[in-house]
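Let me begin by presenting the structure, written as structure tokens, before commenting on it.
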Protein chains: 2
Amino acid sequence: MDEFELYLRAHTHLDNGDMDQIRSLAIPKTLRRNEFLLHEGEICRYKIFISKGLLRTFGTAADGSEHILQFAPEHSWTLDVESYDRQQPARYNIAAIENSEVLLWPKADFDKLLATIPSLQSFAQQLISRNIYNSGRRILTALSATPEEKYQEFIHSSPDLLARLPLHMIAAYLGISIKTLTRIRQAQLRR
Amino acid sequence: MDEFELYLRAHTHLDNGDMDQIRSLAIPKTLRRNEFLLHEGEICRYKIFISKGLLRTFGTAADGSEHILQFAPEHSWTLDVESYDRQQPARYNIAAIENSEVLLWPKADFDKLLATIPSLQSFAQQLISRNIYNSGRRILTALSATPEEKYQEFIHSSPDLLARLPLHMIAAYLGISIKTLTRIRQAQLRR
DNA sequence: GGTGGAAAAGGACATTTGACCATAATTTGC
DNA sequence: GCAAATTATGGTCAAATGTCCTTTTCCACC
């Protein structure tokens, strides 16, 4: 039994038949560090499950700087929702931070699965809900927190990621400069 | 035919029977300027449709400052999703900016409606999707845009709201100080 | 295991932003 | 229509943050 099945069993009550069906439509893919799975402007054709590794979703600003919307470690899902839903050009890029293994479901196939497996649908709903809750919090801290508070919140909520990410990506995720991040960390050492 | 029915007709293909059923479970309520519909810590019991007026959803920071997550003008919906879904204490407050008229659906009732009216369900899905798309953009600009860019984006995307909102609320929405906002506006006048 | 490249840290400086204050203008509710 | 309260502007200052730069450290890959 592989990563994906273990994940499904842990988070759903899907029966074996359903699992097989879901699995049968997945396209496995290996990604090397820094390899892109989606470039902005392309259409996001797949729902993506990360079996191993770590991905990031990010947008590029006018000046070329990158801002990270989401980190997707193993056992999580990712995609450009807007592009995927409407099959229109993506706003964001998705790329691997570590060498990764992912499973891809073409939208048409996944839609079929959703239609035929009710408990998959409700599971998908849960994921969407969680996404919304997190977005709310993310917006609020982006608006109200100081760089230091943002960093604290990050290491508190994702200590695991902290160890795996280069600092400049954390900065790009928090919306602060690498310089500020370095300063914060220095200040903490001195305590 | 009232505001709500006009709205439903414009945005869905629900038939008259469905409309009546949906309407029959709504609780109408009048809100005075500054009146709260939900205090953080309370449970969000209703799905809220705004017939007239303007509401805001906001969180309060440790120092007592308020940060606005969303403005909900007439013909839109609002709620604290996380609190509503799980019937747990809310993180956010919802209050009226203008004297308003709203319709409230208790969760149990609305769930019943969703179960019996499939096209209401798909309509609700659409609203959720839009919410997600908007959140993504909001996060990205919160991370990457300068105060001036944020303001420009706001007046471009919501010129209608600009006229109805006190500036300090726009500042609270953009995550900048009222001082900065004033400065930006002065700079624009001088051009 | 060595080397080239990326990542982190550090220094110097300019700029932006916010806090705090006072003041002017506007709005609201009676 | 008036008084009180809210809202907007403005000034001054200190602090925080970003940019540009160099230097050092670390890491990946051959």
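Residue numbers begin at 1 in each chain, while the letters A, B, ... track the order of the sequences.
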Problem set entry | Gap between atoms CG and P, on A/Leu143 and C/dT17 respectively (whole Å) | 15 Å
For this session: Considering just the side-chain nitrogens and oxygens of A/Thr182, establish if one lies under 4.0 Å of OP1 or OP2 belonging to C/dA8.
Result: no
For this session: Would you mind reading off the distance between B/Leu167 atom CG and D/dG10 atom C1', rounded to a whole angstrom?
Result: 14 Å
Polar atoms only, N or O, under 3.5 Å: list the protein pairs with nucleotides 13-19 of chain D and their distances.
| unit_1 | atom_1 | unit_2 | atom_2 | d |
| --- | --- | --- | --- | --- |
| D/dG18 | OP1 | A/Ser177 | N | 3.4 |
| D/dG18 | OP2 | A/Ser177 | N | 3.2 |
| D/dG18 | OP2 | A/Ser177 | OG | 2.6 |
| D/dG18 | OP2 | A/Thr180 | OG1 | 2.1 |
| D/dG18 | N7 | A/Arg183 | NH2 | 2.8 |

Seminar exercise, completed: A/Leu162 atom CG is separated from C/dA8 atom C1', nearest whole Å, by 14 Å
Problem set entry | Derivation and outcome, side-chain contact (heavy atoms from CB on, under 4.5 Å), residues A/Leu54 and A/Arg33 | CA-CA 9 Å; A/Leu54 179 57; A/Arg33 189 175 229 287; over 6 Å; no
For this session: Rounded to 10°, tell me the angle between the two end axes of the helix from C/dG1-D/dC30 to C/dC30-D/dG1, each built from five pairs.
Result: 70°
For this session: Side-chain contact test, heavy atoms from C-beta onward, threshold under 4.5 Å: evaluate it for B/Gln125 versus A/Gln125 and give yes or no.
Result: yes
Problem set entry | B/Glu101 (side chain) donor-acceptor with B/Leu31 (main chain) under 3.5 angstrom | no
Seminar exercise, completed: To the nearest angstrom, the CZ-P distance between A/Arg164 and D/dA28 comes to 14 Å
Exercise. Quick one: A/His168 NE2 to C/dA9 P, roughly how many Å, whole number?
Worked result: 13 Å
Can you give the donor-acceptor pairs under 3.5 Å from side chains of residues 133-143 of chain A to other protein atoms, not counting sequence neighbours?
| unit_1 | atom_1 | unit_2 | atom_2 | d |
| --- | --- | --- | --- | --- |
| A/Tyr133 | OH | B/Asp85 | OD2 | 2.7 |
| A/Asn134 | ND2 | A/Arg130 | O | 3.4 |
| A/Ser135 | OG | A/Asn131 | O | 2.9 |
| A/Ser135 | OG | A/Asn131 | OD1 | 3.3 |
| A/Arg137 | NH2 | B/Glu82 | OE2 | 3.0 |
| A/Arg138 | NE | A/Tyr173 | OH | 3.4 |
| A/Arg138 | NH1 | A/Leu69 | O | 2.6 |
| A/Arg138 | NH2 | A/Ile68 | O | 3.2 |
| A/Arg138 | NH2 | A/Tyr173 | O | 2.8 |
| A/Thr141 | OG1 | A/Arg137 | O | 3.4 |
| A/Thr141 | OG1 | A/Arg138 | O | 3.1 |

Problem set entry | Integer-rounded Å distance: C/dA7 C1' and A/Asn34 CG | 13 Å
Exercise. Which residues pass the salt bridge (charged side-chain N to carboxylate O under 4.0 Å, His left out) test with A/Glu153, sequence neighbours left out?
Worked result: none
Problem set entry | Between C/dT17 (C1') and B/Glu149 (CD): distance, integer Å | 15 Å
Exercise. What string of B, S and - do you get for nucleotides 23-30 of chain C 5' to 3' if you count protein non-hydrogen atoms under 4.0 Å?
Worked result: -----SS-
Exercise. Rounded to the nearest 0.5 Å, how far apart are CZ of A/Phe58 and CD1 of A/Ile94?
Worked result: 9.5 Å
For this session: Taking the side chain as every heavy atom from C-beta outward, state whether B/Leu120 and B/Phe110 have any pair of such atoms under 4.5 Å apart.
Result: yes
Exercise. So, do B/Asp2 and B/Ser51 sit near enough that their side-chain heavy atoms are less than 4.5 Å apart?
Worked result: no
Exercise. Quick one: A/Glu98 CD to D/dA28 C1', roughly how many Å, whole number?
Worked result: 14 Å
For this session: Under the side-chain contact (heavy atoms from CB on, under 4.5 Å) rule, collect the residues that match up with B/Asp20, sequence neighbours excluded.
Result: none
For this session: Report the relative orientation of the aromatic rings in A/Tyr7 and A/His11; use parallel for angles under 30°, tilted for 30 to 60°, perpendicular for over 60°.
Result: tilted
Problem set entry | Other residues, nucleotides, ligands: >12 heavy atoms within 6.0 Å of B/Lys52 NZ | no
